Structure formats: structure tokens, C-alpha cells
Amino acid sequence: MTSLETTTEAEDSGPSGYAAARLRLLNEKGRSGPPRRAALAKLTDDWLSALFATATLEAGVRGAALVAVGGYGRGELSPRSDLDLLLLHDGGADAGAIAALADRIWYPVWDLGLALDHSVRTPGEARKVAGDDLKVQLGLLDARPVAGDLGLVAGLRTTVLADWRNQAPKRLPELDELCRERAERQGELQFLLEPDLKEARGGLRDATALRAVAASWLADAPREGLAEARRILLDARDALHLVTGRATDRLALQEQDQVATELGLLDADALLRQVYEAARTVSYATDVTWREVHRVLKARSVRPRLRAMLGGGRTPQPERSPLAEGVVEQDGEVVLARAAKPERDPVLPLRAAAAAAQSGLPISLHAVRRLAATTRPLPVPWPAEAREELVTLLGAGESTVGVWEALEAEGLITRLLPDWERVRCRPQRNPVHTWTVDRHLVEAAVKASSLTRRVGRPDLLLIAALLHDIGKGWPGDHSVAGETIAKDVAARIGFDRADVAVIATLVRHHLLLIETATRRDLDDPATVDSVAAIVGSAGTLELLHALTEADALATGPAAWSSWRGSLVADLVKRVAAVLAGDAPAEPEPAAPSAEQERLAIEALRTGEPVLALHAQAEPSAGDEPEPVGVELLIALPDQPGVLPAAAGVLALHRLTVRAADLRSIELPSELGEPSGVLLLSWRVAAEYGSLPQAARLRADLVRALDGSLDIPARLAEREAAYPRRRGVKAPPPRVTVAPAGSRLATVIEVRAQDAPGLLHRIGRALDESALRVRSAHVSTLGANAVDAFYVTGAEGAPLPPEQASQTARALEAMLRA
């Protein structure tokens, strides 16, 4: 059906005809995007025009108009958009008649269940309200007549635009502050797993703000790609409205696959990547535009004083301070020198970027575009100067980010590093990660820049930080793929064969230290020997240690802590000793702390569990340490079933296990014979509410061990009473046997979605298999649990390979059930 036919039906049939035509339009699969939004706006215009014509006759009002403002004014109606309407009148009719006219228009809209944002004003009133309320003024900038007195609307538009341009020096800083406050609340759209397409930074609100800046004639936004970015965001919002049937702008995880299907995209990742790219375009345009606004406003405030000082009407020439060959600073930005020849100087983009980052200055939009348009490709391998400038750029710290984004916005990064395209705007589904893959790599280089004094080859550290996740754009293990790519990139940018090998090793094994330190028994000689064999040299170990910290710090707050740092440092110390050739063949197990020994002696004396709870803290930027959780120490005589019992009691008390360690020590008994005591060290946090008392935990643990507390039944009752909320379907659990993990035990590694009672279920399954848990190393990263269990048979020996595989398969089947 054509727009004309749907319009005719809307006019002939009134509200019900409009509703039917609207529904038919929204269900047309062949029409979407801008054509559908425009058609919906036209259909709505025609219906409201008919309403207005009838209402003015019935109310006897002349000199009035119905005006669309905001998104409706721009003709951008999404399926569940509000109708933003202004009933404008010249003040000639009495208040009762105007009220009657408004009712005849508003009530039919409400009767159809459409959201309506409405106002009734004269031009003078509208102008006054706009002068007092910035949001009203922004809406009126897009005012469009729907019906009635066109001259009245034209006069208001002219007045509002004139006011906006006259008041721009005052109003634009207000708008900038409004955008910044919103960004603080909503975050960066291009990095959020569940972004608000409208309110988050880089979203539709910011795109509208850029239109307002352009309307002021004070400054303009970079236009290339901006219209397409707005279209992508609007299309995504349209699809979200249709999928959910609600007026929502938040792209929730559980709806992303459906929205992707509605848009004809492969999957949710393809959707997010497209949305992120659009948001990045808007964000970059926003940065450039507001920088230009403040530069112009500053110049306007300074120029009259300079003219007075110089005398006459001469315009002062801007100062240009040299920064590097062909690069100068002007008006707080990095620009190209007048004598610069980018077409003859392929290193100039990197030299300009390095100079900007080192100076803490933005690189001008004009300079980046000129470099992108005229610079020739670098020869392969790169000359030494180009490689050095890249390292200088990466080593500049926080200021690297803005400069890198400017180069990326104009395609210079993918021209320099073609493999970057696969990680560009690539989402990371793990909520532990704060950033997309590409931004995480830049952030890792930023974090690494503060660690360069710890290593002998800071250049290798910075390049490895930039490339450590470069394989995430490829199938399979990203570390394996990344090793191959890193070799190619390192050779491309001019490193020699030995350096290329080091960078490849760092990329291939960038997770080695953190995974080993948190999931393996460091007292087991096989653990340290295996890491030493992989690392190979003290220099590589030094670099890998720094890269591990930089990677974790750039991931997010859950990925690094003083506790993790101490575990990694301990591992590095042991590996360094092996590499130096002075490590003992069989290192003594770490002695228990004084408190652990005290608890163990008390447990041995009483024959019952002994508990202690301690708040943990880490140093912070301020004077006071920051609390990071609670340490729970448990000591009890060695016996079967301790792990599932303890884990189950914690789950019953709604304590989340962030990390755990279990080990057995031998103490002399009263008869002089050694007796085994289990020590459990847990880092826990309350799901909500306050922590339980240690005495209650101890009492329940005693009951769990003697069988009088049925933990599985209690957990099942709670699960039935409080079913978990529907969310994104988690990947299935995976259980593996770590090859050559230990000479003393078999290492079973479990990766699964974290859930209440998970550790209890695993411990119970191992216990039922008649296995002894020699030690356990538990870590939780966001929603993911990664646990390693050192198990032996009843005689204390590692499991035969076939039994180990059967145990892993059985445990995985149990977790999948």
C-alpha cells in the first residue's frame, strides 16, 4: 500500500484508520530505515492535520498552528517515539477556546496509547520559555509546521534561530556541560554491553547537540560519516522498538540477537560492532566540535584586548611553536608546519602523532585529514624513525588515547597496521572487560607506559601491549592466532628476528603468569618449571611480568588487585630463580602464617572446625585503604567432604567466593605422631546485606560435616523460591585435565558460569568420585568461575590418564545437567 493510500484511509476513518495504517506500515518488511521513519511522520502529519482542521472549526479558533518539535520535527519517528507537539496560537482567542482546541487534539492521541509531550503557547511565551530552558530551545530548533497558520510558525522559527545564534556564547557552554553530565551518568555508548542508544555518549542526543552547534554558526561538526552514523543508531532503535514493543532505547543483551535479525545482521556481535562504529563517529565529531567551540569563544574573548594592546584594527597572527620536524603547535592544537610535505614524508603521521601525545595536545582535524589524504604508505619494513615514533606515541601515557582515536577516525591506523581492522570496535562479551578489543589494546599500552622503568626493553613491552589481543578477530585461541599476527606486524615495523621472537612469545603467553599464579599450586615444582621452560630468559620474564600487569589494569577493576599482584610477583620470583639456576629442586612448601598455625593447632586440639573472619583492604589514592572483601580462614582436621561442606555453607549464607585456596598441613599430635589439618583461605563478599557471624558459619559447617544439614536440599528450596532472572544464555561449562600440570597430583580445571552453590556441586562430585582434593585454587572474574583442583586417588598418587579423563567428563556432564 502506498503512503497516499494509507493517508487517505487515516483521513477517512479517523483514529482507528490511522492506527490500522500505522500498524500496516510498521509491519511492511520491504520498508525500513529513513523511508519508514519519513512515511510514519507523513502518516502522522496527515492524521493530526485532519484532527486540527476539525478541532479549530469546533472550537472556533483562528490564528493557531500545530507544530512538531524534537525528533518528530526532524521527521524521525521511530515505532514507539513520543509525539512532541506544540499548539501555537497568536493570543487572539480566549483561554477557554484554546483549551478546548487542545483537548480535541490531545485526547485522540492519548486514546490510541501514543506517548505525547505537549505544550500550548503563544510565540512570545515559547520564546520566553526557550530562553529559560535550554532543552525547550533545542527542541524548537527543529520546529516544523504540521497544520494551521504557517506564517505563525515561520515567525517563531526565525525568532528562535536568531536568539540561539545571538546567545550562542552563553548557551553553547551550557549545552556542553549538559552533554558532559549525561555522559557521566550513561557512559560511553561505544564500550557498553547494554548501551542506551539515545542517552549514552556518542548516541542520538549527542548527534542532536551537534546539529544545534551547527545551527549557531559558531562552529561546525565534522560531517563525513555523521549522517550515516545517525542513520545506523536510528535504525537500531527502530528495530529495538519493534522487537520489544516498548519505547526503550537501551539495547539489552537478551534482545540483541532479535534486533540483529530485524536489521538483517549476522548476530548480536555484528550489531554491536556496527553500533559501536556509529557511536565512535559521533563521539569523535563531538570531541572535535566542542574543542572548536571553546577555541572560538576563547579567541573572541581575547581578541579585543589584543587589538587594544596592538593599537588599530590589525588582527594578531596566531603563534606557531615548533614541536617536531614538520609539526607545530597553534591555538592549543598540533598542526602541520607550513613547509611540511606529507606527500614526500611517509613518517610524518607518526611523527605528528608522537609529538601531539608527548605534548598532551590534540591533533587538529585539518592536519589528520591532510595526512590521510596525501601521505604515501611507509616502506616495509618501516624505517627506524617510524618505529621509534610509534614507540614514542605508545609511551606517552593517557594522552595517547585521544591522538590514537583521531588517527583511527581518518583511517590512518588501519593503513599503518592493516590487522587492526579485525579488532576495531569488536565487542567483548565478558563483563570483566571495560573496553572493546581495540580500545583495550590502546589502554594496555597506556598502562604499560607507566611500567617501562621496570624493564630493559620498553619498546618491546609497548608493542607487545598493543598487540597482545590482536588475535581476537580470528577463529580459535586468540593467543595462538595473535602470535602469528604479532610476528608479521613486528617484522613489518622493522624489528630484527630476535626481537620479533620475543614479541611473539609475549603475545602467545600473555595470560601465562596470571593464570598460573591464580589457578596452580606454586609450591609444586612442576608449576614453576613449566613456566620457566616457556619463558626461556630473564629478560622475557621481566617483560611478561609488566605486560601481565598492564593487561589486567587495562581490562577492568575486577581483573587486578594487590592479592593477584602478589601471587604473580611470587611466581615471577620463583621462575627467575629457576632461570638463574639457583632454585632448589624441591622447594619447601610455604609455611602457614602465625594465625593459620594458631587456628590449625586449635582445630587439632578440639577436633572441630575453627573460623576467623577479617576485612581486607588495599592501598588507595587517598589516605585510607579501600576495603576489597573479607578473608575467611577455616582450619579443621583432615577428613572427606570438607570442600563441598564449606562451599555449601557459604552459599547458604549468600556469600560469594571470589577466590579460595585449600591445602593440607601436617602438625604433631599430642601423641607425637603427625596429624593432617586442612587450611581453607577464602576471599568472600556478601551478595547483599551484612556478613554472617563466624559462630553461625561454624555451627552450620559442623552440621554439614556430620550430615545433619542437607545443603543440596536447602539450596534447591531457595532456588525454587527465588528463581534466577532471565538473561543471556551462558556458554556451556568446560572441564579439562591440565597436561603436565603437576608431578604430585592431577590438575582438573573447571570453567563455568558462576552461580550460587557452584563450588559446592564441584566439591561434592569430586568427593563422590573418591578423590582427595590436595589443593584448590578458585578465582571468579565477573560472571565466570575458573577453578583448578589438584586431586589424587585414595593412596595420594596422581590419577592414571584414563581415570583423569573420565573424571573430567563426568564433572562436565554434571555441570551441564
Side-chain angles (χ1 to χ4, degrees), residues 1-13 15 17-53 65-86 105 109 112 114-117 138-148 150 153-154 157 197-198 203-205 207-208 210-212 214-215 223 225-243 245 247-249 259 262-264 274-275 278 281-282:
M1 180 177 289
T2 66
S3 293
L4 179 59
E5 290 171 322
T6 56
T7 298
T8 302
E9 183 175 345
E11 290 175 346
D12 290 347
S13 306
Y18 167 72
R22 177 189 174 93
L23 181 62
R24 193 157 37 249
L25 174 61
L26 295 179
N27 287 332
E28 281 186 34
K29 295 300 182 184
R31 181 157 29 176
S32 61
R36 181 170 61 196
R37 286 190 289 276
L40 183 56
K42 177 67 168 59
L43 181 67
T44 305
D45 284 355
D46 291 342
W47 175 55
L48 290 174
S49 294
L51 276 179
F52 181 83
L66 192 59
V67 185
V69 297
Y72 183 27
R74 295 187 296 273
E76 295 173 345
L77 271 187
S78 289
R80 294 285 176 172
S81 288
D82 292 357
L83 294 182
D84 294 336
L85 292 170
L86 164 64
I105 299 171
V109 176
L112 286 183
L114 300 177
L116 176 65
D117 188 353
L138 293 174
L140 287 175
L141 291 177
D142 292 309
R144 178 178 60 82
V146 174
L150 299 182
V153 182
R157 279 180 51 84
L197 299 171
K198 188 174 184 180
L204 293 167
R205 287 275 192 214
T208 301
L210 294 178
R211 288 169 56 92
R223 294 181 179 273
L226 195 55
E228 177 65 8
R230 289 183 72 254
R231 182 197 65 76
I232 289 170
L233 295 176
L234 286 167
D235 286 357
R237 185 173 70 162
D238 286 1
L240 181 61
H241 285 189
L242 290 172
V243 163
T248 179
D249 297 312
V259 171
E262 181 72 24
L263 292 171
Q274 188 177 86
V275 167
T281 299
V282 175

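Note that the structure is a prediction, hence the values are computed from the model and not measured.
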A.B. asks: Go through it in stages, so that I can follow the logic: the residues are T208 and L138, the test is side-chain contact (heavy atoms from CB on, under 4.5 Å), and I'd like the CA-CA distance, side-chain angles, deciding distance and then a yes or no.
C.D. replies: CA-CA 9 Å; T208 301; L138 293 174; 5.9 Å; no
A.B. asks: Ignoring hydrogens and angles, tell me if any N or O in the side chain of S49 forms a donor-acceptor pair with the backbone of V146 under 3.5 Å.
C.D. replies: yes
A.B. asks: Roughly how far apart are K42 NZ and L25 CG, rounded to 0.5 Å?
C.D. replies: 12.0 Å
A.B. asks: Looking at every heavy atom in both P145 and L150, which two are closest together, and how far apart are they?
C.D. replies: CB-CD2, 3.6 Å
A.B. asks: For a side-chain contact (heavy atoms from CB on, under 4.5 Å) check, start with the C-alpha distance between L48 and L85, then their side-chain angles and the critical distance, and finish with the verdict.
C.D. replies: CA-CA 10 Å; L48 290 174; L85 292 170; 3.9 Å; yes
A.B. asks: Nearest 0.5 angstrom please: L242 CG to N27 CG, how far?
C.D. replies: 8.0 Å
A.B. asks: Got a second to check how far R211's CZ is from L141's CG, nearest 0.5 Å?
C.D. replies: 9.0 Å
A.B. asks: Check this for me: R205, atom CZ, are more than 12 non-hydrogen atoms of other residues, nucleotides or ligands nearer than 6.0 Å?
C.D. replies: no
A.B. asks: Measuring from I105:CD1 to L83:CG, what's the distance to the nearest 0.5 Å?
C.D. replies: 12.0 Å
A.B. asks: Working to the nearest 0.5 Å, report the span between CG of L234 and CG of L204.
C.D. replies: 5.0 Å
A.B. asks: With heavy-atom distances below 4.5 Å as the criterion, would you say the side chains of L140 and L86 are in contact?
C.D. replies: yes
A.B. asks: Distance check, rounded to the nearest 0.5 Å: D238 atom CG versus R80 atom CZ?
C.D. replies: 12.5 Å
A.B. asks: Checking D235 now: which residues fulfil salt bridge (charged side-chain N to carboxylate O under 4.0 Å, His left out) with it, not counting sequence neighbours?
C.D. replies: R37, R231
A.B. asks: Nearest heavy-atom pair of F52 and G148: which atoms, and what distance?
C.D. replies: CE2-CA, 3.5 Å
A.B. asks: Any side-chain heavy atom of R230 within less than 4.5 Å of one from E76?
C.D. replies: yes
A.B. asks: If you look at every heavy atom in V282 and G203, which pair is closest and at what distance?
C.D. replies: CG1-O, 3.9 Å
A.B. asks: Where is the tightest heavy-atom contact between L26 and R36, given as atom of each residue plus distance?
C.D. replies: O-NH1, 3.7 Å
A.B. asks: Checking Y18 against V109 for the side-chain contact (heavy atoms from CB on, under 4.5 Å) test, could you report, in this order, the C-alpha distance in whole Å, the side-chain angles of both residues, the deciding distance, and whether it holds?
C.D. replies: CA-CA 10 Å; Y18 167 72; V109 176; over 6 Å; no
A.B. asks: So, for A39 and R31, which heavy atoms are closest and what is the spacing to 0.1 Å?
C.D. replies: CB-NH1, 3.4 Å
A.B. asks: Side chains of residues 65-72: which donor-acceptor partners sit under 3.5 Å, not counting sequence neighbours?
C.D. replies:
unit_1, atom_1, unit_2, atom_2, d
Y72, OH, D45, N, 3.4
Y72, OH, D45, OD1, 2.5

A.B. asks: Show your working on side-chain contact (heavy atoms from CB on, under 4.5 Å) between L240 and T248 and close with a plain yes or no.
C.D. replies: CA-CA 7 Å; L240 181 61; T248 179; 3.9 Å; yes
A.B. asks: Indicate the atoms forming the closest heavy-atom contact of D82 with L77, along with that distance.
C.D. replies: O-CD2, 3.9 Å
A.B. asks: Is the backbone N or O of S78 less than 3.5 Å from a side-chain atom of H241, with the two atoms forming a donor-acceptor pair by type?
C.D. replies: no
A.B. asks: Got a sec, which residues hit salt bridge (charged side-chain N to carboxylate O under 4.0 Å, His left out) with D249, two or more places apart in sequence or on another chain?
C.D. replies: R237
